[in-house]
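Following: one structure in structure tokens, then a few remarks.
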Amino acid sequence: MKNYSFYEQVFDVVRAVPYGRVTTYGAIANYLGAKRSSRLVGWAMNISHGTLPPVPAHRVVNRQGLLTGKSHFAHPNRMQELLESEGVAVAGDQVVGFNDIFWDPSSLDRP
DNA sequence: TGAATGACTCGAT
DNA sequence: GATCGAGCCATTC
């Protein structure tokens, strides 16, 4: 059983993202010790739809702050709606002040 | 078992 | 400074 597979770790990190903050795939992968595995993080989000508790994938953006995964939401605009609902300004498909609201999982106390 | 996939990142031109 | 291509890793069929 691999219930706590690499994906579970990604979900846990994404769910740890504070309200009104965003993180990047690379930051999560780096926190897990595989900065090169940024693609795995994206794939983890792909299966996170039926995962509980829900994973705030809308808080995960690419290194440029672009909502690359918005197309995978129920509705492409849903990701922006959720971000704006949390006070995160989004211009076009990019997070405004991304560098300011960027949250690094390394900030957490690692066991 | 081997090959394929992917919501990214980095380096080079 | 911007654009293009290749690489990387873990999971799944």
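To find a chain, count down the sequence lines: A is the first, B the second, and so on, and within it residues start at 1.
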Hey, which of A:Val22, A:Val88, A:Asn62 is the one that makes side-chain contact (heavy atoms from CB on, under 4.5 Å) with A:Phe98?
A:Val22
Mind checking side-chain hydrogen bond (donor to acceptor under 3.5 Å, both in side chains) for A:Glu84 and listing every partner two or more places apart, or none if nothing turns up?
A:Gln80
Can a side-chain donor-acceptor contact be found between A:His75 and A:Glu81 if the only test is distance below 3.5 angstrom?
no
Between N or O atoms, less than 3.5 Å apart, protein on one side and nucleotides 10-13 of chain B on the other: list the pairs.
{"from": "B:dC10", "atom 1": "OP2", "to": "A:Arg63", "atom 2": "NE", "distance (Å)": "2.9"}

Nearest-angstrom distance from the residue atom CG of A:Leu66 to C1' of C:dA2:
14 Å
Looking only at the side chain of A:Thr68 (C-beta and beyond, no hydrogens), which of the listed nucleotides C:dT11, B:dC8, B:dT9 gets closest?
B:dC8
Select one nucleotide: of B:dT9, B:dA7, C:dA10, the one nearest the side-chain heavy atoms of A:Leu40.
C:dA10
Between A:Phe73 (CZ) and B:dA7 (C1'), how many Å, whole number?
8 Å
Between P on B:dC8 and CZ on A:Phe98, what's the gap in Å once rounded to a whole number?
13 Å
Mind checking if A:Tyr7 touches a base, just sugar-phosphate, or nothing, with heavy atoms under 4.0 Å?
sugar-phosphate
Please tell me if A:Ser38 has a side-chain N or O lying less than 4.0 Å from either OP1 or OP2 of C:dC8.
no
Keeping A:Thr23 on the side-chain end and A:Trp103 on the backbone end, is there a donor-acceptor pair under 3.5 Å?
yes
Atom pair distance, as rounded to whole Å: OH in A:Tyr31 and P in C:dA10
17 Å
Between A:Phe11 (CZ) and B:dA7 (C1'), how many Å, whole number?
12 Å
Side-chain touch A:Asn46/A:Tyr7, heavy atoms, less than 4.5 angstrom
no
Considering every strand and a 4.0 Å limit on heavy-atom distances, what is the contact class for A:Ala44: base, sugar-phosphate, or nothing?
nothing
Protein-nucleotide distance (A:Arg39, atom CZ; B:dA4, atom P), rounded to Å
15 Å
For atom CZ of A:Phe6 and atom P of C:dC8, their distance in whole Å:
16 Å
Under 4.0 Å, heavy atoms only, any strand: does A:Asn46 hit a base, just the sugar-phosphate, or nothing?
base
Does the A:Arg21 side chain pair with the main chain of A:Val17, one donor and one acceptor, at a distance under 3.5 Å?
no
With heavy atoms under 4.0 Å as the rule, sort A:His58 into base, sugar-phosphate or nothing.
nothing
The side-chain hydrogen bond (donor to acceptor under 3.5 Å, both in side chains) partners of A:Gln9 (sequence neighbours excluded) come to none
Rounded to whole angstroms, how far apart are CG on A:Leu83 and P on B:dA7?
18 Å
Counting only side-chain heavy atoms from C-beta out, which of B:dT9, C:dT11, B:dA7 sits nearest to A:Ser5?
C:dT11
